[in-house]
Chemist: 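Here you go, one structure.
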Amino acid sequence: MASIINRSFLTYFRNYSSSKCLPLIKSIRSMSTDHHRPLMLMNIPHIASPNLFLVMKNFFSRIIINGYFDSTFAIKPFCDGARQALMVVSHLIANDQFDDLPGFVTQQVINEVKQNYKHLTSQQKQQIPVEESEIIFSYPYSIGIGMDEQTKTYLVEVSMIFHVLKNPELYQEEMIHATGNTASNMIATMRKMRDNVIVCNYKFLRNMSKNANDDSWIITGLNHWSPTEYFKQE
């Protein structure tokens, strides 16, 4: 396989973040209303919410993984690590540190993201880096098991959904200090939050064959996109 993400997401990404001292990028407070290309890093399916059918499928996939491939696999630690991966990778992209991405994502991801990143506006680029406090929702959308016919290896792919809200504390302050009709102010603030949410789709892949040389994960697809922009174009 290509360069691989270390399996212990939580420890690895925290250590990487602190050692590299990634510079913080100032977040914007609201979406731009200018006419521009929609926010996009890769051309992969736009998935914003869980699928009820896949909930059952994912349950059985986890049983198969634990029974035949990796008895230690658990979704909670994986999701915690995936959140760390989102934060580190998004900061590397936002800081134009594409040379540091190998080992986290595949070369195909680097090539496509780098190309699309060049076309983003300055405000869109400020929406890319993600902080822990800005992740308001995360969910394993799908857990798939397949076989690579060429290499005869068993591969497991987990697709994650993240909802990100930049500067969430600003909305809290707005509701606390609002004057007038409380219900109306709360509804207006909730609509503003909804309109400013960024959805992040990340796909993680791991070779789970018994003879695999590495038991770690790599990102094979990622995208950050705005539902407000996307559905306006539909």
Chemist: Test of understanding: with side-chain hydrogen bond (donor to acceptor under 3.5 Å, both in side chains), list the residues that count as partners of K76, not counting sequence neighbours.
Modeler: D80
Chemist: Looking at N223 and P45, would you say the former's side chain and the latter's main chain have a donor-acceptor pair under 3.5 Å?
Modeler: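 Not a single qualifying donor-acceptor pair exists.
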Chemist: Checking the side chain of H163 only, and the main-chain atoms of A48 only, is there a donor and an acceptor separated by less than 3.5 Å?
Modeler: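 Such a contact is found between H163 side chain and A48 backbone.
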Chemist: Using every non-hydrogen atom in the two residues, find where I47 and I161 come nearest and quote the distance to one decimal.
Modeler: CG2-CD1, 3.6 Å
Chemist: Would you name the heavy atoms of K57 and G144 that are closest together and state the gap between them?
Modeler: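 Taking K57 first and G144 second, the nearest heavy atoms are NZ-CA, 4.2 Å.
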Chemist: Answer yes or no: is there an ion pair linking R206 with D214, defined by an N-O contact shorter than 4.0 Å?
Modeler: no
Chemist: Could you give the distance from CG (L41) to CG (N116), rounded to the nearest 0.5 Å?
Modeler: 7.0 Å
Chemist: Strictly distance-based, threshold 3.5 Å: is any side-chain N or O of Q124 a donor or acceptor partner for the main-chain N or O of T121?
Modeler: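 The answer is yes, because a donor-acceptor pair under 3.5 Å joins these two groups.
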Chemist: Hydrophobic side-chain clustering at under 4.5 Å (ILVMFWY, transitive links): who's grouped with F60? Put none if nobody.
Modeler: M56, F59, I63
Chemist: Looking at every heavy atom in both V156 and M208, which two are closest together, and how far apart are they?
Modeler: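 In terms of heavy atoms, the two residues are closest at CG2-SD, 3.4 Å.
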Chemist: Are V109 and L101 connected in the hydrophobic side-chain network, where two residues link if heavy atoms are under 4.5 Å apart?
Modeler: yes
Chemist: Check whether any side-chain heavy atom of T153 lies under 4.5 Å from a side-chain heavy atom of M147, and answer yes or no.
Modeler: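 They are not in contact (no side-chain heavy atoms under 4.5 Å apart), so the answer is no.
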Chemist: Under the criterion side chain to side chain contact (heavy atoms under 4.5 Å, CB included), I'd like the reasoning laid out for K203 against M160: C-alpha separation, chi angles, the key distance, then a yes or no.
Modeler: CA-CA 6 Å; K203 296 164 64 176; M160 291 290 302; over 6 Å; no
Chemist: Of the non-hydrogen atoms in I198 and S226, which two are nearest, and what is the gap between them?
Modeler: CD1-CB, 4.0 Å
Chemist: Ignoring hydrogens, what is the shortest heavy-atom contact between A85 and I219? Give both atom names and the distance.
Modeler: CB-CD1, 4.4 Å
Chemist: Return the minimal non-hydrogen interatomic distance between S61 and I145, and the atom names on each side.
Modeler: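 Scanning both residues, the minimum pair turns out to be O-CD1, 3.8 Å.
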Chemist: Under a 3.5 Å distance rule, please check whether S90 uses its side chain to pair with a backbone N or O of V130 as donor and acceptor.
Modeler: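 Present.
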Chemist: Does some side-chain heavy atom of V199 sit less than 4.5 Å from a side-chain heavy atom of H46?
Modeler: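 SC-SC contact between H46 and V199 ruled out.
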Chemist: Take a 6.0 Å sphere around OH of Y68 and say whether it holds more than 12 heavy atoms from other residues, nucleotides or ligands.
Modeler: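 No, OH of Y68 has 12 or fewer neighbouring heavy atoms, counting only those of other groups under 6.0 Å.
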Chemist: Going by the side chain to side chain contact (heavy atoms under 4.5 Å, CB included) test, name the single residue among N201, V89, L86, I44 that passes it with L222.
Modeler: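 With L222 as partner, side chain to side chain contact (heavy atoms under 4.5 Å, CB included) holds for just one option, V89.
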Chemist: Could you tell me whether a side-chain N or O of S138 sits under 3.5 Å from a main-chain N or O of F162, the two making a donor and an acceptor?
Modeler: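 Judged by distance alone, no pair lies under 3.5 Å.
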Chemist: Is the ring pair Y230/W225 parallel, tilted or perpendicular, if the boundaries are 30 and 60 degrees?
Modeler: perpendicular
Chemist: For F69, does the CZ atom sit with more than 12 other heavy atoms under 6.0 Å from it, leaving out its own atoms?
Modeler: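 Correct, the count exceeds 12.
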Chemist: Quick one: does N196's side chain get under 4.5 Å of K166's, heavy atoms only?
Modeler: no
Chemist: Please check: side-chain N/O of N95 versus main-chain N/O of Q97, any donor-acceptor pairing under 3.5 Å?
Modeler: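 No: the side chain of N95 does not pair with the backbone of Q97.
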Chemist: Check the angle between the aromatic planes of F204 and F78 and answer parallel, tilted or perpendicular using the 30° and 60° thresholds.
Modeler: perpendicular
Chemist: Can you measure from CD1 (I75) to CD1 (I65) and round to the nearest 0.5 angstrom?
Modeler: 8.0 Å
Chemist: Can you confirm whether T106 sits close enough to L205 that some side-chain heavy atom of one is under 4.5 Å from a side-chain heavy atom of the other?
Modeler: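 Counting from C-beta outward, T106 and L205 never come under 4.5 Å.
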Chemist: Does the side chain of I128 come within less than 4.5 Å of L120's, by heavy atoms?
Modeler: yes
Chemist: Would you check if the side chain of D70 reaches a backbone N or O of N66 as a donor-acceptor pair within less than 3.5 Å?
Modeler: no
Chemist: Starting at CD of Q115, measure out to CZ of F98 and round the result to the nearest 0.5 Å.
Modeler: 10.0 Å
Chemist: Output all residues satisfying salt bridge (Lys or Arg N to Asp or Glu O under 4.0 Å) with K152, sequence neighbours left out; order by chain, then residue number.
Modeler: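 So K152 forms a salt bridge (Lys or Arg N to Asp or Glu O under 4.0 Å) with E149.
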Chemist: Would you please indicate yes or no on a ring centroid separation below 6.0 angstrom for H224 and Y117?
Modeler: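 That pair fails the under 6.0 Å test.
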Chemist: Which value, rounded to the nearest 0.5 Å, describes the distance between N51 atom CG and Y139 atom OH?
Modeler: 8.5 Å
Chemist: Which one of K125, E229, Q123 satisfies the side chain to side chain contact (heavy atoms under 4.5 Å, CB included) criterion with L39?
Modeler: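 Checked K125, E229, Q123 against L39; only one passes side chain to side chain contact (heavy atoms under 4.5 Å, CB included): E229.
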Chemist: Indicate yes or no for a side-chain donor-acceptor contact from S159 to the backbone of S142 under 3.5 Å, with no hydrogens or angles considered.
Modeler: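 Judged by distance alone, no pair lies under 3.5 Å.
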Chemist: Quick one: does E131's side chain get under 4.5 Å of H91's, heavy atoms only?
Modeler: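 Yes, close enough: below the 4.5 Å cut-off.
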